[in-house]
Every structure is written in structure tokens, then in C-alpha cells.
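Atom set for the values below is all heavy atoms of this structure, side chains included, hydrogens, waters and symmetry mates excluded. Here the structure is a predicted model, which means the values were calculated and not measured.
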Amino acid sequence: AIAVVRTVYSGPLVVDIPGWGQETDKAVWASPQITDQDVVYSAHIYPNSFNQVAGRYVTTDDIENMLQNSGRPCIVGEFGNIQPDPVGTGACDVKAVVEAAKAAGYKAVYGWAWNG
């Protein structure tokens with residue numbers, strides 16, 4: 001698919017990672033197989049987002065792992081608006097997502113639908 005897109009577009013490609021944007025480990029594993037160096041991974045974190053490989057809910061650690069080990073730029077392309085997670089229910093802690101992005105050096109966090 002990337003080769004087909006490259007016949008008409010040469011800029012960065014934002015690619016959702018597998019598993020509805022939640023399988024960060026699979027993105028890390030697949031990264032060496034993608035030869036195009038201008039691919040950006042996009043993760044999604046929603047209430048009850050579940051990382052099947054890790055066998056648990058998605059956390060900011062998953063995003064950090066993908067950012068450090070995929071060798072690619074990564075974004076959180078979508079995240080939910082339930083906050084904070086009361087007792088391990090899987091609810092997305094929006095504040096933690098934004099703080100983790102800023103701590104990782106993201107210059108800005110843009111919300112395109114903060115109302116859910």
C-alpha cells in the first residue's frame with residue numbers, strides 16, 4: 001500500500017498501528033520491515049483500549065515504548081475523554097496522555113474533538 005501511495009505523494013505518511021491503533025508492540029515488531037523512512041505511527045487510546053500482546057490496558061508506557069523502539073516518529077492520533085481511571089477499569093486518563101506527550105518532547109498537543 002505504501003508503494004502505491006508513493007506514486008502520487010512523497011510527504012510523511014501517518015499510519016494507524018494494528019489493533020484499532022492499540023497494538024504498540026506489533027508496530028515496534030513491524031517497523032524494520034517497512035523500508036519507507038517517512039512513516040509516522042499513530043496510536044489510539046480510548047476507554048478500555050487493550051493491548052492484546054501485553055495482555056493489559058494501554059498505558060502511556062506503551063506509547064513511550066513505541067516511540068523509543070520503533071525508530072519512527074509516533075503520535076497519539078486519537079484518545080478518549082474519560083478521566084481519570086478510577087480503579088484499573090481501562091478508562092483513558094486524558095491528562096496523563098497529554099502530560100506524557102509533553103514529557104516526551106512533543107512541542108504541541110492538538111485536540112480536534114475534545115468533546116468526544
Using the rule given for side-chain contact (heavy atoms from CB on, under 4.5 Å), can you reason through L13 versus D38, listing the C-alpha separation, both sets of side-chain angles and the distance that settles it, and then say yes or no?
CA-CA 6 Å; L13 294 177; D38 208 5; over 6 Å; no
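One hydrophobic cluster, built from ILVMFWY side chains closer than 4.5 Å, cannot hold both I2 and W29; they sit in different ones.
Panel note: side chain T7, backbone V4; a donor-acceptor pair is recorded below 3.5 Å. Judged by distance alone, with hydrogens and angles left aside, the side-chain atoms of S70 form a donor-acceptor pair with the main-chain N or O of M66 at under 3.5 Å.
Two residues are said to be in side-chain contact when any heavy atoms from C-beta on lie closer than 4.5 Å; H44 and I17 fail this criterion. Residues I34 and Y41 meet the side-chain proximity criterion, which asks for heavy atoms closer than 4.5 Å.
Listed by first and then second residue, the salt bridge (charged side-chain N to carboxylate O under 4.0 Å, His left out) pairs involving residues 8-29 amount to none (not counting sequence neighbours). Sorted by first and then second residue, the salt bridge (charged side-chain N to carboxylate O under 4.0 Å, His left out) pairs with a member in residues 52-69 read R56-D62; sequence neighbours excluded.
With sequence neighbours excluded, the residues that form a salt bridge (Lys or Arg N to Asp or Glu O under 4.0 Å) with D36 are R6.
The line from CD1 of I75 to CG of L67 is 11.5 Å long, rounded to the nearest 0.5 Å.
In this structure, S42 and V14 approach most closely via the heavy-atom pair CB-CG1, 3.7 Å.
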